[in-house]
Amino acid sequence: MAKISRPSTGRHHLAFVLLLFLVAVGICVPVFALLPSLSSHQSLPPALPRDEKMMSRKFYIKDDMFWKGENPFQIIGGDLHYFRVLPEYWEDRLMRAKALGLNTIQTYVPWNLHEPKPGKMVFQGIADLVSFIKLCQKLDLLVMLRAGPYICGEWDLGGFPAWLLAVKPPLKLRAADPAYLKLVERWWNVLLPKIFPLLYSNGGPVIMVQIENEYGSYGNDKAYLRNLVTMATGHLGNDIILYTTDGGTRETLEKGNAPLYDVYSAVDFSTGDDPWPIFELQKKFNAPGRSPPLSSEFYTGWLTHWGEKIAKTDAEFTAASLEKILSRNGSAVLYMVHGGTNFGFYSGANTGSEEFDYKPDLTSYDYDAPIKESGEIDNPKFKALQRVIKKYSAAPHTTTPSNTKRKAYGPIKMQRKISLFDLMSMTDPVDVITSTNPISMESAGQMFGFLVYESSYISKKSGNILRIPKVHDRAQVFVSCLSQDVDGGVLRYIGTTERWNNQPVSIPTTECASNTSLFILVENMGRVNYGPYIFDEKGILSPVYLDGEILHGWKMIPIPFHNLNQMPHFSFKMQHAKKSSENLEVTNDVGQKEPALFAGEFSINSVEEIKDTYLSFNGWGKGVAFVNKFNIGRYWPSVGPQCNLYVPAPLLKPGRNSVVIFELESPHVDLLLRSVDQEDFTCGSNYSKVNQL
């Protein structure tokens, strides 16, 4: 039974002190600082008034075709996710999609972005969904909205809020579990009323709303799907096309379709498959005359996990496969037209046939899409797809925008500022959770990032063997003789054990005068977003064994790198951010392999010199990086393939720009980062111990 102590204010002392330091170097810890809402700096049209003209405005299905008013309509669309692009770049990326020839944008809605804590709703900054939809309307692009509640999308927990995993008794996700459905209903009671004025029949651009996602690949609970349909129609009415998306097989369509006349079943399938037999199969799961052929995920590329070669698909092959659909009046949505970036801690993961066969996704979500992560379109795939789409698109020709300029700002000298031991020592005792056995991160209230588990043991002369049967996802083990080392803050690194390569850790004997302190730093590398193992709790999820015996008596110490749109409230004095570990010498001794915060800065002379850039982490180990109040994501160049993290220009400013990284393993020998002007996916080996899909 865990004893959990919480401060009444809910504001962690460690978070406060850590923020002081980060602000002192020009950065704070939220993944998404509260970027200005688009509506605050652009004039966006409101949804049109619902007059008589609007009453006759309809988007519907008849004679196995989509119809826009009185005219048949071929959807030539693309997925472009507002939460993977800074708001300042939404219009730029949408204009590039329009220049490709698209007439429709499809986007997911990630529940976890909008409800980071139970009942706390966020629709500002990068979460300003309404402004994104209105911007699509301004650019004469229709919208297909994938409302979830589950989205998959290589996004943490498939878009579910992580706090769902802490609900007791455990929820049954993606099922007709009353407790789960009650939370979905509470969420949709906020989301769907925002969408209703934006429906096409109400003068907005939203022509279709998807419920769930590829449910036929997961379950077969028709009561669950019926509940979702009832909720959706209750808010949106009957003038909107509700749809499902499932793989183009009989089994997945049978399981995933909603058995109601008005719910349209769309399909997806591998690029290169003959589409028309699949579209014929699709008809069997739609009412007569209500099955326009639609590939709602036409794959322009593919995802990449850490430790794999970057995914690439041939441009001409992709374009030829699309033409097979469009040439016979089929509709298609490019997945992705622009992938963007998994900023912060949001990248998801997959598994193989077993839960331990864990495959975390890269920070980059470039996806080998025609519009690259940085917005670049001068590439063979964009040109090949544009050439095909222009044959069939009725959209007016749009001038192709020029590529966004990029700049290398050069080397950035980093300094070691705060060690892991210092971070732990700053924690207020009321924020520490004590328990007989370890508890999950979610149960500890630490939804993203890192959690330290502390215990103690008696060291044997022959050493000890530590075993953690179930850890999600990566655990670094340290020991310390606190009674002797507390003044110096010495943590001795022992080894690492991982979810996908779970091995015992041998602890050499120590010369502690009393019990040896054991510290296990566990990293959440992204929750599984697809398949049977999506109930993916993080942290130490089993007893910890020392020499075959269960080790009891644990403290859970949060390392509060928070996620989501949170603007911290604090005051500070610069000197309070300085720690005793500032400017400690970094050695290559394994005993000094202690995680630490490093800080540096680079200067930009003028507004005109602000351009997109990348941070190169070649020579560093593994960690997470922040630029000017924004978490740009995880890096892991030793495993690869991603070497550089994308830094969009709107994050930068004239003058000094701060960079803070939490390095887990081995800092660069010269403590140098580099700002470069190119992506790089050549790090690591062709195969690593991180399993491949």
Side-chain angles (χ1 to χ4, degrees), residues 35 38 41-42 44 75-108 126 128-129 131-144 153 205 297-301 312-313 315 318-319 322 326 332-343 364-407 610-614 646-651 677-679:
L35 298 169
L38 249 167
H41 57 83
Q42 288 188 350
L44 295 173
I75 295 172
I76 306 178
D79 263 82
L80 195 161
H81 303 154
Y82 60 98
F83 47 91
R84 286 180 159 125
V85 181
L86 296 190
E88 295 89 339
Y89 274 168
W90 285 347
E91 183 163 3
D92 175 86
R93 302 306 192 255
L94 290 170
M95 288 296 294
R96 293 167 193 273
K98 193 172 177 66
L100 186 62
L102 304 191
N103 55 32
T104 305
I105 295 297
Q106 183 171 251
T107 184
Y108 289 125
I126 204 165
D128 191 354
L129 171 62
S131 286
F132 179 79
I133 294 174
K134 288 183 177 181
L135 183 55
C136 291
Q137 181 178 25
K138 172 187 171 184
L139 300 176
D140 198 26
L141 290 163
L142 300 176
V143 173
M144 297 167 63
E297 289 190 9
F298 175 86
Y299 301 110
T300 60
K312 294 286 184 183
T313 57
T318 304
L322 179 63
L326 300 185
V333 180
L334 308 184
Y335 192 100
M336 300 289 296
V337 65
H338 172 58
T341 308
N342 294 317
F343 291 118
S364 172
Y365 200 61
D366 179 84
Y367 213 83
D368 197 29
I371 304 172
K372 309 305 289 179
E373 182 178 17
S374 66
E376 184 263 318
I377 54 176
D378 187 16
N379 63 76
K381 187 169 288 182
F382 185 93
K383 294 173 182 177
L385 290 170
Q386 186 184 54
R387 185 174 63 250
V388 167
I389 291 169
K390 281 185 175 179
K391 295 181 184 179
Y392 308 100
S393 175
H397 177 70
T398 302
T399 303
T400 302
S402 59
N403 284 328
T404 304
K405 293 182 179 179
R406 301 189 292 267
K407 184 175 177 63
I610 296 176
K611 310 293 181 188
D612 286 359
T613 190
Y614 294 85
Y646 174 53
V647 183
L651 296 181
D677 61 2
Q678 294 291 333
E679 64 181 28

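- Residues passing the salt bridge (Lys or Arg N to Asp or Glu O under 4.0 Å) test with R84: none are found, sequence neighbours excluded.
- Separation of atoms CG (L102) and CD1 (I371) is listed at 7.0 Å; rounding is to 0.5 Å.
- The two residues T300 and A369 make their nearest non-hydrogen contact at OG1-CA, 3.7 Å.
- With a 4.5 Å cut-off on side-chain heavy atoms, L94 and C136 count as touching.
- Side-chain atoms of I105 and Y82, non-hydrogen and from C-beta on, never get closer than 4.5 Å to each other.
- The minimum heavy-atom distance linking K312 with D368 is given by the pair CA-OD2, 3.3 Å.
- Looking at P87 and D128, their side chains never come closer than 4.5 Å, going by heavy atoms from C-beta outward.
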Worksheet item: Does the pair L326 and K391 meet the rule for a side chain to side chain contact (heavy atoms under 4.5 Å, CB included), with working shown?
Response: CA-CA 9 Å; L326 300 185; K391 295 181 184 179; over 6 Å; no
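- Looking at T613 and K407, their side chains never come closer than 4.5 Å, going by heavy atoms from C-beta outward.
- Between T107 and F132, the closest heavy-atom pair is CG2-CE2, 4.2 Å.
- Residues passing the side-chain contact (heavy atoms from CB on, under 4.5 Å) test with E376 are K372, S374, D378, N379, N403, R406, sequence neighbours excluded.
- To the nearest 0.5 Å, the span separating CD on E297 from CD on Q106 amounts to 7.0 Å.
- When side chains are defined from C-beta on, D140 counts as touching K98, because their heavy atoms get closer than 4.5 Å.
- Under the rule for a ring pair (Phe, Tyr, Trp, His ring centres under 6.0 Å), F298 has no partner lying at least two apart in sequence or in another chain.
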Practice prompt. Step by step, work out the side chain to side chain contact (heavy atoms under 4.5 Å, CB included) result for N103 and L142.
Written response: CA-CA 6 Å; N103 55 32; L142 300 176; 5.7 Å; no
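- Atom CG of residue L651 and atom CD1 of residue I610 lie 10.5 Å apart, to the nearest 0.5 angstrom.
- Side-chain contact between L334 and L322: present, with at least one pair of heavy atoms (C-beta onward) separated by less than 4.5 Å.
- Taken to the nearest 0.5 Å, the OG1 atom of T404 stands 8.5 Å off from the CD1 atom of I377.
- The main-chain N or O of A99 is found under 3.5 Å from a side-chain atom of Q386 such that the two form a donor-acceptor pair.
- Taking NZ of K390 as the start and CG of L385 as the end, the distance is 12.5 Å to the nearest 0.5 Å.
- Note: L141 CG to T104 OG1 = 7.5 Å, rounded to the nearest 0.5 Å.
- In terms of heavy-atom proximity, E679 sits nearest to D366 at OE1-OD1, 4.2 Å.
- Legend: residues meeting salt bridge (Lys or Arg N to Asp or Glu O under 4.0 Å) with D92, ordered by chain and number and at least two apart, are R96.
- Scanning for side chain to side chain donor-acceptor pair (under 3.5 Å) contacts around Y614 gives an empty result, with sequence neighbours left out.
- Scanning for side chain to side chain donor-acceptor pair (under 3.5 Å) contacts around S364 gives E373, with sequence neighbours left out.
- For D612, the side chain to side chain donor-acceptor pair (under 3.5 Å) partners are Y89, Y646, not counting sequence neighbours.
- Relative ring orientation between Y108 and Y335 is described as perpendicular, the plane-to-plane angle rising above 60° on a 0-90° scale split at 30° and 60°.
- Taking all atoms of both residues into account, the shortest heavy-atom contact from V337 to A97 is CG2-CB, 4.3 Å.
- A384 meets the side-chain contact (heavy atoms from CB on, under 4.5 Å) test with A315, E316, A319, R387; sequence neighbours excluded.
- When the shell of 6.0 Å around NZ of K405 is examined, it contains 12 or fewer heavy atoms from other residues, nucleotides or ligands.
- Between L135 and W90, the closest heavy-atom pair is CD2-CB, 3.8 Å.
- Side chains of M144 and I75 form a contact here, defined as non-hydrogen atoms less than 4.5 Å apart.
- At a threshold of 4.5 Å between non-hydrogen side-chain atoms, the residues Y299 and Y367 count as touching.
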